[in-house]
Amino acid sequence: PAVFTYAIQPMSDVPAAAAMMLAIAALSRVQALPILGGIAAALALLIRPALAPAALALAVVPLAMASRRSFGHVVRYLTPVAIAIAAQAWMQWYLYGDMFSSGYGGVAGLFSFNTVLFNARSYAYWGFFTMGSVWLAALLIGMLVSPRLARLVLGVLVAAIVVPYL
């Protein structure tokens, strides 16, 4: 059934993840490419609007690189992201009459603090059950051997991606 479902309506996770990875790669280079990173992050949030917090969170990468040009890089990165956020807000308003509504309903009906504990427990259980302990071991090893910037980017992105789904 899943094959037939996604043959008709393809998942947007893969292109959105690819765009986010391109944004991270563009910002993490020694010679950062903030405009390319901003365009890639903007594309990711237009594909999956729930990635807007992650796209905004990536602005810490140029600051973490601690160069004199980091503020300029942040501005150049955030410009395409801001344009994409404005475009997404306009599309939501045009299609659903409110920039905070979607085809699934309003924000208040979709997100509630009452479900955070249940969702966190459910995500932890199913994440471990479906992926096993291998991904946890890989994550821990990666966190131990990676440089400070990689740990910072991972932490910020995980928080920005996971928190809206709780």
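Excluded from the calculations below are hydrogen atoms, water molecules and symmetry mates; all remaining heavy atoms, backbone and side chain alike, are included. These numbers were taken from a predicted model, which means no experiment stands behind them.
Tyr96 and Tyr94 fall within a single hydrophobic cluster, where Ile, Leu, Val, Met, Phe, Trp and Tyr are joined by side-chain heavy atoms under 4.5 Å apart, directly or via other members. Each of Leu95 and Ile47 belongs to its own hydrophobic cluster when Ile, Leu, Val, Met, Phe, Trp and Tyr are linked at side-chain heavy-atom distances under 4.5 angstrom. Trp93 and Ile83 fall into different hydrophobic clusters, where Ile, Leu, Val, Met, Phe, Trp and Tyr residues are linked whenever their side-chain heavy atoms come under 4.5 Å apart, directly or through other members. There is no path of hydrophobic side-chain contacts, each under 4.5 Å, that joins Leu33 to Leu58. Using a 4.5 Å cut-off between side-chain heavy atoms of Ile, Leu, Val, Met, Phe, Trp and Tyr, with links allowed through other members, Val81 and Ile39 fall into different hydrophobic clusters.
Nearest heavy atom pair, residue Ala41 against residue Met20, reads CA-SD, 4.4 Å. Arg48 approaches Ala16 most closely through the heavy-atom pair CG-CB, 3.4 Å. Heavy-atom minimum distance, Gln88 versus Leu45: OE1-O, 4.4 Å. Closest heavy-atom contact between Ala40 and Ala23: CB-N, 3.7 Å.
Note that OG1 of Thr79 and CD1 of Ile35 are 8.0 Å apart. Values are rounded to the nearest 0.5 Å. Note: Leu56 CG to Leu78 CG = 6.5 Å, rounded to the nearest 0.5 Å. Atom-to-atom distance recorded for Leu36:CG and Arg76:CZ is 13.0 Å, nearest 0.5 angstrom.
Counting heavy atoms of neighbouring residues, nucleotides and ligands inside a 6.0 Å radius, atom CE of Met91 exceeds 12 of them.
Taking the six-membered ring where tryptophan is involved, the planes of Phe129 and Tyr125 are essentially parallel, since the angle between them stays under 30° and well short of 60°.
Side-chain atoms of Ser28 come within 3.5 Å of backbone N or O of Ile24 as a donor-acceptor pair.
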*asked:* Let's go through Asp98 and Gln92 carefully: what are the C-alpha distance in whole Å and the side-chain angles of both, what is the deciding distance for side-chain contact (heavy atoms from CB on, under 4.5 Å) to 0.1 Å, and is it a yes or a no?
replied: CA-CA 6 Å; Asp98 183 8; Gln92 296 298 106; over 6 Å; no
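Between His73 and Leu27 there is no side-chain heavy-atom pair separated by less than 4.5 Å.
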